[in-house]
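First up is the structure itself, then whatever we jot down about it.
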Amino acid sequence: HAKEDGRGRHAFFEPGMREEAVLRATMQEEIRIGLRGDEFSAYFQPQVDLRTRKIVGFEALARWHHPTRGTLSAGQFLQFVASSSVVKLIDRQVLHHACKALTLLQGTCKDLVTVSVNISTEQLSEPGAADEIYGEVLLAGAAPRQVRLEILETTLLGERSPKITENVRRLAEHGFQIELDDFGTGHTAISSLLNFPISRIKVDRSLIRHVDCDARLQTVVHTILELGENLGIDVLAEGIETQAEAAYLALNRCGSGQGYHIARPMPLHELKAWIVSRERQQPAPMAPVLIQSG
Ligand code: C2E
Ligand code: MG
Ligand code: MG
Ligand code: MG
């Protein structure tokens, strides 16, 4: 133990950890500079009704167009800014891009669609965050009812939860749709469904991958679908990568889905073209497939 053997003061600076701390500080500084230099944007991933295949919305995901390293996805850089104030700046830029996209796509989509935006624990812990988000959305010319705010299960249950609870309630009062992201990976998910005004659950991709052929996953996913149905909460399946997964979910009455099988996250101009070409080909309903018995 560091303290007992008298090395307590130095334990923190052991080689691996020191490098990590330096890397984190360097990346945070680079991200701050990048934010000022307009290097951040959002990519958009379509969400479709699994039965009719109609577009129901899209999720905005942070992307960093790094001057030398190319385009980095959120999963590649968010780890460096976790629990720092920088993540709030990223959230805000993505929210702004998302609202702008919504207004630009208004004429492109036949039906009313929504945009989903990921909201960090850091942002939700800030007093007054709900009113600020509301103000920004109005300023960008978007309607709160068309904006879904994605919150992680773990965010709702953290130690800062009173402030978070207050913000979530206020956001719902402002007309935003609140959705629970990565559902099935946290611990007390079911009680949070009752305590918060949740309009949609996003089932984590770890439960969707191979759901068409894994009986244990099927049991879990069925339970979530039934829970959603009984509580009047929509269910979206994340990370659909194959036709078989999509067909299985459609057949088992999972409302909507998102994943590489449908489309990858893409820049706004590509999304526009994707919507246009998709709405041109009158989409046929998903072909049913035989379900493997448990
Ligand atoms: P998430 O919200 O669960 O978003 C889904 C992630 O899975 C995205 O990664 C997306 O590109 C990826 N994905 C989508 N379909 C598939 C699929 O079929 N297969 C696989 N293997 N992956 C798929 P990304 O963009 O790297 O984002 C990672 C996470 O970072 C997000 O997970 C979200 O929690 C967070 N994030 C992204 N943008 C923001 C943001 O603006 N603010 C905050 N606070 N967090 C963000
Ligand atoms: Mg998300
Ligand atoms: Mg997710
Ligand atoms: Mg995730």
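Treat the numbers as computed from the prediction; the structure is a model and nothing was measured. Numbering of ligands and ligand atoms starts at 1, following listing order.
Between the Mg ion (ligand 2) and S116 there is no N/O/S contact shorter than 2.8 Å. Not one N/O/S atom of E150, from backbone or side chain, sits under 2.8 Å from the Mg ion (ligand 3). The Mg ion (ligand 2) does not have D182 among its coordinating residues (no N/O/S atom, backbone or side chain, under 2.8 Å). For a distance bound of 2.8 Å, the N, O or S atoms of E238 include one lying that close to the Mg ion (ligand 3).
Where the criterion is an N or O separation shorter than 3.5 Å, residue side chain and backbone included, G75 meets it with respect to ligand 1. Considering backbone and side-chain atoms alike, Q45 places an N or O below 3.5 Å from some N or O of ligand 1. For the pair L61 and ligand 1, the shortest N or O to N or O distance does not fall below 3.5 Å. Residue Q76 has no N or O atom closer than 3.5 Å to an N or O atom of ligand 1.
Only the side chain of E238 comes within 4.0 Å of ligand 1, counting heavy atoms alone; its backbone N, CA, C and O stay farther away. Residue contacts with ligand 1 for N118 involve both N, CA, C or O and side-chain atoms from C-beta outward (heavy atoms, distance under 4.0 Å). Looking at K202 against ligand 1, nothing comes within 4.0 Å, counting heavy atoms. In D204, neither the side chain nor the backbone holds a heavy atom less than 4.0 Å from any atom of ligand 1. Residue contacts with ligand 1, taken as heavy atom pairs separated by less than 4.0 Å, involve I240 solely via the backbone atoms N, CA, C and O.
A donor and an acceptor atom, one from each side chain of T71 and R63, are nowhere located under 3.5 Å apart.
Here the side chains of D204 and E238 are in contact, with some heavy-atom distance below 4.5 Å. Using a 4.5 Å heavy-atom threshold, the side chains of R32 and S85 count as touching. In this structure, the side chains of S256 and R200 come closer than 4.5 Å at one or more pairs of heavy atoms. Considering only heavy atoms from C-beta on, V147 stays 4.5 Å or farther from T114 through its side chain.
Residues in residues 79-116 take part in no ring-ring contact (aromatic ring centres under 6.0 Å, His included) pair, two or more places apart or across chains. Applying the ring-ring contact (aromatic ring centres under 6.0 Å, His included) test to residues at least two apart or on different chains, the pairs with a partner in residues 102-148 are Y134-H174.
Under a 4.0 Å heavy-atom criterion, E59 is in contact with ligand 1. For the pair R264 and ligand 1, no heavy-atom separation below 4.0 Å is found.
Note on E59: its N/O/S atom closest to the Mg ion (ligand 2) is OE2. Nearest N, O or S atom of D181 to the Mg ion (ligand 2): atom OD2.
The number of heavy atoms from other shown groups lying within 6.0 Å of CD (E226) does not exceed 12.
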Step-by-step side chain to side chain donor-acceptor pair (under 3.5 Å) determination, Q123 to R92: CA-CA 9 Å; Q123 183 165 193; R92 291 304 170 86; 2.5 Å; yes
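Using cut-offs of 30° and 60° for the angle between ring planes, the F40 and W64 rings count as parallel.
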